[in-house]
A.B. asks: 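Can you keep this structure in mind? I'll have questions shortly.
Just so we're on the same page: letters track the sequence lines, and every chain starts at 1. Computation of the quantities below employed the complete heavy-atom set of this structure, encompassing side-chain atoms and omitting hydrogens, waters and symmetry-equivalent molecules.
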Amino acid sequence: MNNLFKELIDLLNKEFEKFHLDESVQLNLSKMPEFDMQINNLVKHNKADFFNNLQKNIIEVINSTNFFQPVEETELGFLNLVFNHNVLIKQITNKKSDFVNDNSQKIIFDYGGPNIGKPLHVGHMRTLNIGRSLYNIHSFIGNDVISDIHLGDWGMPIAQIITYLENESINTDSLDSSQLEIIYPKASEQYKSNNEFKVRAQEINKLLNNNDSELLELWRAIKNISIKNLEENFSLLNHSFDYWLGESDVNELIPEMIESLYKNKKIIEDSGALISAENTDPKILITKSDGSYLYITTDLATVLYRQNNIGYDKSYYIVDNRQSLHFQQLFDSIKFFEFNNLHHEHISYGTLNDSDGNPFRTRDGGTKPLSELFEETYEYIKNINNDLEDSAIKQLANSVLTFSDLITNRKTDYKFDLEKFTSVNGKTGIYVQYAQVRARKLQQNIVQQKNKFETLVLSEIDKRLLSQLFMFGHFLEQSFSLNEPHHLANYLYDISNSFNQFYEYEKLTEIEDSDHISSKVYLINLFLTTSKNVMFCLGMRPVEKM
RNA sequence: GGCCUCGUAGCUCAGGGGAUAGAGCACAGGUUUCCUAAACCUGGUGUCGCAGGUUCGAAUCCUGCCGAGGCCGCCA
């Protein structure tokens with residue numbers, strides 16, 4: 001919420017307190033077109049004897065701010081509010097300063113993967129998009145944000161690759177990322193079908209856990225090849241990370257952690273393995289019976305690493321729905337093992353499928369690399385407008401991949417439909433970019449116009465756009481409090497749509513009244529600021545032309 | 001079998017105690033250029049899976065059932 005309205009809500013809450021009502025006033029958007037906002041808290045008290053006094057007080061407070069047209073008492077207690085545009089334009093800028101909060105929190109964003117050795121595939125896209133958006137949103141409202149890609153650079157997949165290289169006598173000097181990507185599926189297949197291979201891979205995994213120097217060297221070579229490839233991909237997709245830590249970085253913390261937990265009877269033996277002593281169903285397996293580590297082992301050690309070396313108030317794990325049990329067990333264990341009482345949250349998301357609703361596959365049935373999806377999107381846009389510069393097409397392609405990913409609630413599975421998502425009509429990255437480009441051109445053409453006016457002169461269409469622009473804070477709040485970027489994505493579509501209506505309704509060059517022109521110039525500027533900031537919050541970059 | 005999601009317009013999805021349940025697509029017709037028409041305008045749709053319950057008020061909360069998907073100790 002805009003800080004302006006937050007202060008109002010605080011004042012209103014105090015009025016409720018006077019009547020011993022412990023509730024927070026909900027200043028919501030109105031569903032009725034003739035109003036901007038509404039307060040429904042009063043309705044449930046409309047049979048109480050204090051109702052009239054409460055309503056009177058509430059209305060008095062609201063009217064004293066002048067943010068809205070004078071509010072009328074109602075019989076039922078539905079308070080309908082209409083913005084006082086003349087007052088609010090002096091207070092609302094939609095810049096970061098409107099929203100920055102006083103109690104900044106330090107938040108770690110854990111991207112839970114990807115694994116080295118495996119190509120960055122389509123399944124990784126949501127983690128990247130949702131993570132970047134939430135990171136930007138929290139940064140925008142003044143939180144101290146830290147991203148950690150948290151590479152899957154440890155454990156069985158690596159052991160499988162090394163086993164494969166060993167069997168085939170492949171030297172890492174001649175290895176590049178594309179070969180590595182072919183090797184992993186083969187290694188994984190052998191691990192499942194060939195028992196000798198499986199035994200050796202498990203042995204290698206344990207040796208790695210015990211820091212076998214020769215294997216570590218091999219591992220490091222594989223990791224470097226993989227990181228180089230990841231960096232190229234991320235650069236193309238405009239992603240970056242503060243930390244490139246991985247599961248391997250906490251390996252040395254684990255023996256001590258296990259020992260301490262065992263000594264304090266927090267973990268116990270069970271069929272040779274170590275499990276949490278907490279009474280849970282299912283049991284939480286902490287190490288395997290051969291002593292080697294699991295996903296949860298490294299995640300637990302990572303918590304210790306972070307609280308000791310980075311420090312944080314909140315930790316968000318942006319990982320798909322299917323791993324919810326893992327995170328439930330992890331969060332349970334952090335408390336049960338008495339590591340800390342900090343806030344940990346699984347930011348889960350649904351599966352990305354192809355336009356038929358099936359899992360994304362390449363033509364030969366393999367996992368589809370993310371770079372391939374980017375290429376297809378790039379080509380599609382290029383075919384629509386062949387005159388565009390390469391950099392603009394890339395930005396548009398990224399807009400499509402980002403916006404279409406964020407427009408749906410993250411928890412919902414959705415279908416990626418290239419034709420639909422690259423269309424200029426509908427809720428697409430292309431549409432919102434186009435509106436912004438139009439505004440940008442108008443701004444350039446009317447640069448000589450002063451952005452000052454004696455009185456605000458607005459048509460109905462102008463008012464609707466302005467009201468919507470004043471609501472940025474509402475959608476921002478929804479997005480960061482629920483960690484759901486789709487509220488802002490939909491908002492970006494709505495203001496873009498309103499801007500296009502505004503654009504078509506009256507031609508700037510045909511208006512004679514100078515206050516009306518200046519009012520419109522003001523609106524264009526506010527729209528551009530807002531659109532740019534929402535795009536930042538979503539992880540998109542505005543294009544200059546298209 | 002146990003646990004977790006989900007079921008809303010022809011399709012894809014918002015809305016998750018508040019007033020007459022919304023948007024995009026698709027379909028039909030119309031409007032040209034301050035700016036690429038890559039736009040705008042006008043058209044109408046719903047047993048909110050089913051049945052109970054809680055409430056002044058339920059698509060929303062609770063219970064049961066039906067249906068879809070996911071997860072369930074030595075993968076990550």
A.B. asks: Indicate whether OP1 or OP2 belonging to C40(B) is found under 4.0 Å from a side-chain N or O atom of Asn500(A).
C.D. replies: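 Yes, such a contact exists.
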A.B. asks: Is the distance from OP1 or OP2 of C13(B) to the nearest side-chain N or O of Tyr414(A) less than 4.0 Å?
C.D. replies: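 So the side chain of Tyr414(A) is outside the cut-off, no N or O lying under 4.0 Å from OP1 or OP2 of C13(B).
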A.B. asks: Pick base, sugar-phosphate or nothing for Asn425(A), based on heavy-atom distances below 4.0 Å to the nucleic acid.
C.D. replies: sugar-phosphate
A.B. asks: I'd like to know if Ser289(A) reaches the base of C74(B) with its side chain, counting only an N/O donor and acceptor under 3.5 Å.
C.D. replies: yes
A.B. asks: Any side-chain N or O of Asn497(A) below 4.0 angstrom from OP1/OP2 of C40(B)?
C.D. replies: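 Answer is yes, contact under 4.0 Å.
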A.B. asks: Of all residues at least two apart in sequence or in a different chain, which pass the salt bridge (charged side-chain N to carboxylate O under 4.0 Å, His left out) check with Asp390(A)?
C.D. replies: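 Asp390(A): salt bridge (charged side-chain N to carboxylate O under 4.0 Å, His left out) contacts with Lys394(A).
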A.B. asks: In whole angstroms, how far is the C1' atom of G18(B) from the CD atom of Glu23(A)?
C.D. replies: 13 Å
A.B. asks: Report, as yes or no, whether the 6.0 Å neighbourhood of atom NZ on Lys266(A) holds more than 12 heavy atoms from other residues, nucleotides or ligands.
C.D. replies: yes
A.B. asks: Classify Gln26(A) by what it touches in the nucleic acid, base, sugar-phosphate, or nothing, heavy-atom distance under 4.0 Å.
C.D. replies: nothing
A.B. asks: Within this structure, what is the CG-to-P distance between Leu418(A) and C25(B), rounded to whole angstrom?
C.D. replies: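 Taking atom P of C25(B) as the reference, CG of Leu418(A) is at 17 Å.
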A.B. asks: Tell me the interatomic distance from Asn251(A), atom CG, to A76(B), atom P, rounded to whole angstroms.
C.D. replies: 13 Å
A.B. asks: Mapping Tyr293(A) and Ile275(A) to their closest nucleotides on RNA chain B, which lands nearer the 5' end?
C.D. replies: Ile275(A)
A.B. asks: Considering Watson-Crick and G-U wobble pairs with both distances under 3.5 Å, what does G29(B) pair with?
C.D. replies: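 Pairing partner: C41(B).
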A.B. asks: Suppose you measure atom P in C27(B) against the same atom in C34(B); what distance do you get, rounded to whole Å?
C.D. replies: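 That atom pair is separated by 29 Å.
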A.B. asks: With a 4.0 Å cut-off on heavy atoms, is Asn115(A) in touch with a base, just the backbone sugar-phosphate, or nothing at all?
C.D. replies: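 The residue Asn115(A) makes sugar-phosphate contact but no base contact.
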A.B. asks: Syn or anti for G17(B), with syn set at within 90° of 0?
C.D. replies: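 Judged by the O4'-C1' to base torsion, G17(B) sits in anti, the angle falling more than 90° away from 0.
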A.B. asks: Evaluate whether atom CD of Glu345(A) has more than 12 neighbouring non-hydrogen atoms of other residues, nucleotides or ligands under 6.0 angstrom away.
C.D. replies: yes
A.B. asks: What's the separation between atom CD1 in Ile183(A) and atom OG in Ser188(A), rounded to the nearest 0.5 Å?
C.D. replies: 13.0 Å
A.B. asks: Partner of C65(B) by Watson-Crick or G-U wobble geometry, both contacts under 3.5 Å, or none?
C.D. replies: G49(B)
A.B. asks: Does Lys31(A) place a side-chain N or O at less than 4.0 Å from the phosphate oxygens OP1/OP2 of A19(B)?
C.D. replies: yes
A.B. asks: With respect to the side chain of Gln501(A), which nucleotide from C34(B), C74(B), C41(B) is positioned closest?
C.D. replies: C41(B)
A.B. asks: Distance check needed: A23(B) P versus Tyr491(A) OH, whole Å only.
C.D. replies: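 The distance from OH of Tyr491(A) to P of A23(B) comes to 18 Å, rounded to the nearest Å.
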A.B. asks: Answer with base, sugar-phosphate or nothing: what part of the nucleic acid does Gly426(A) contact at a heavy-atom distance below 4.0 Å?
C.D. replies: sugar-phosphate
A.B. asks: Leu508(A) near the nucleic acid: base, sugar-phosphate alone, or nothing, with a heavy-atom cut-off under 4.0 Å?
C.D. replies: base
A.B. asks: First locate atom CG of Leu418(A), then atom OH of Tyr380(A), and finally report the distance between them rounded to the nearest 0.5 Å.
C.D. replies: 6.0 Å
A.B. asks: Output yes when at least one side-chain N/O atom of Tyr431(A) is less than 4.0 Å from OP1 or OP2 of C25(B), else no.
C.D. replies: no
A.B. asks: From C-beta outward on Lys415(A), which listed nucleotide comes closest to its side chain: C13(B), A14(B), C34(B)?
C.D. replies: C13(B)
A.B. asks: Do any side-chain nitrogens or oxygens of Tyr434(A) fall under 4.0 Å of OP1 or OP2 in A37(B)?
C.D. replies: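 Looking at the OP1 and OP2 atoms of A37(B), one of them is under 4.0 Å from a side-chain N or O of Tyr434(A).
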A.B. asks: Using a strict heavy-atom distance below 4.0 Å, which residues from residues 32-45 of chain A are in contact with RNA chain B?
C.D. replies: Met32(A), Gln38(A), Asn40(A), Val43(A), Lys44(A)
A.B. asks: Which nucleotide, C72(B), C75(B), G15(B), lies nearest any side-chain atom of Pro282(A)?
C.D. replies: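 Looking only at heavy atoms from C-beta outward on Pro282(A), the closest nucleotide is C72(B).
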A.B. asks: Can we say Glu460(A) and Lys463(A) salt-bridge, meaning some charged N sits less than 4.0 Å from an Asp/Glu carboxylate O?
C.D. replies: yes
A.B. asks: Between Phe19(A) and Phe50(A), is the ring centroid distance below 6.0 Å?
C.D. replies: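 Between Phe19(A) and Phe50(A), the centre distance is under 6.0 Å.
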A.B. asks: Should the pair Lys382(A)-Glu379(A) be classified as a salt bridge under the 4.0 Å nitrogen-to-oxygen rule?
C.D. replies: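 Glu379(A) and Lys382(A): not salt-bridged.
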A.B. asks: Under the criterion of centre distance below 5.5 Å and interplanar angle below 30°, is Tyr493(A) classified as stacked on the base of A23(B)?
C.D. replies: no
A.B. asks: May I ask you to say what Lys283(A) touches in the nucleic acid, namely base, sugar-phosphate or nothing, with a heavy-atom cut-off under 4.0 Å?
C.D. replies: base
A.B. asks: Could you give the CG-to-P distance, from Asn46(A) to C56(B), as a whole number of Å?
C.D. replies: 11 Å
A.B. asks: Contact class for Gln323(A) (heavy atom, under 4.0 Å): base, sugar-phosphate, or nothing?
C.D. replies: base
A.B. asks: Tell me the partner of A23(B), counting only Watson-Crick (N1-N3 plus N6-O4 or O6-N4) or G-U wobble (N1-O2 and O6-N3) with both under 3.5 Å; none if nothing fits.
C.D. replies: U12(B)
A.B. asks: Kindly point out which of C34(B), A39(B), C75(B) is positioned nearest to the side chain of Glu504(A)?
C.D. replies: A39(B)
A.B. asks: Looking at Lys411(A), does any N or O in its side chain come under 4.0 Å of the phosphate oxygens OP1/OP2 on U5(B)?
C.D. replies: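 False: Lys411(A) side-chain N/O out of range (4.0 Å or more) of U5(B) OP1/OP2.
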A.B. asks: Are any of the side-chain nitrogens in Arg322(A) or Asp320(A) under 4.0 Å away from the carboxylate oxygens of its partner?
C.D. replies: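 Here Arg322(A) pairs with Asp320(A) in a salt bridge, since their nearest N and O are under 4.0 Å apart.
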A.B. asks: Please determine if a side-chain N or O atom of Thr412(A) lies less than 4.0 Å away from the OP1 or OP2 oxygen of A14(B).
C.D. replies: yes
A.B. asks: Are OP1 or OP2 of C75(B) and a side-chain N or O of Lys288(A) less than 4.0 angstrom apart?
C.D. replies: yes
A.B. asks: Using atom P of each nucleotide, how far apart are G69(B) and A26(B) to the nearest Å?
C.D. replies: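 Per the computed distance, 29 Å lies between those P atoms.
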A.B. asks: So what does Tyr505(A) hit on the nucleic acid, given a heavy-atom distance under 4.0 Å: a base, only sugar-phosphate, or nothing?
C.D. replies: nothing
A.B. asks: Which part of the nucleic acid does Asp290(A) contact within heavy-atom distance under 4.0 Å: base, sugar-phosphate only, or nothing?
C.D. replies: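 It contacts nothing in the nucleic acid.
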A.B. asks: Please indicate whether Glu72(A) has more than 12 foreign heavy atoms, meaning atoms of other residues, nucleotides or ligands, lying under 6.0 Å from its CD.
C.D. replies: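 For Glu72(A), atom CD is not crowded (no more than 12 foreign heavy atoms under 6.0 Å).
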A.B. asks: Heavy atoms only, 4.0 Å cut-off, all strands: where does Arg438(A) land among base, sugar-phosphate and nothing?
C.D. replies: base
A.B. asks: From C72(B), A14(B), C74(B), pick the nucleotide closest to the side chain of Leu325(A)?
C.D. replies: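 Side chain of Leu325(A) sits closest to C72(B).
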A.B. asks: A76(B) phosphate, OP1 or OP2: any side-chain N/O from His150(A) under 4.0 angstrom?
C.D. replies: no
A.B. asks: Would you indicate what His326(A) reaches in the nucleic acid, counting non-hydrogen atoms under 4.0 angstrom: base, sugar-phosphate, or nothing?
C.D. replies: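 Since no nucleic acid heavy atom lies under 4.0 Å of His326(A), the category is nothing.
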A.B. asks: Determine which nucleotide pairs with U55(B), using a 3.5 Å limit on both distances of a Watson-Crick or G-U wobble pair.
C.D. replies: none
A.B. asks: Please determine whether side chain to side chain contact (heavy atoms under 4.5 Å, CB included) holds for the pair Leu79(A) and Met37(A), giving the CA-CA distance in whole Å, both sets of side-chain angles, and the decisive distance to 0.1 Å.
C.D. replies: CA-CA 8 Å; Leu79(A) 293 186; Met37(A) 302 192 96; over 6 Å; no
A.B. asks: Apply side chain to side chain donor-acceptor pair (under 3.5 Å) to Thr127(A) and Tyr349(A), showing your working.
C.D. replies: CA-CA 8 Å; Thr127(A) 296; Tyr349(A) 58 84; 2.3 Å; yes
A.B. asks: Across all strands shown, which nucleotide pairs with G1(B) by Watson-Crick or G-U wobble geometry, both distances under 3.5 Å?
C.D. replies: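 Base-paired to C72(B).
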A.B. asks: Roughly, in whole Å, what's the span from CZ in Arg322(A) to C1' in G70(B)?
C.D. replies: 8 Å
A.B. asks: Remember a base hit wins even if backbone is also touched, and classify Asp494(A) as base, sugar-phosphate or nothing at under 4.0 Å, heavy atoms.
C.D. replies: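 Since no nucleic acid heavy atom lies under 4.0 Å of Asp494(A), the category is nothing.
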A.B. asks: Calculate the interatomic distance between Leu488(A) atom CG and G15(B) atom P; express it in whole Å.
C.D. replies: 13 Å
A.B. asks: For RNA chain B, whose closest nucleotide is more 5', that of Tyr295(A) or that of Glu484(A)?
C.D. replies: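 Closest to the 5' end, via its nearest nucleotide, is Glu484(A).
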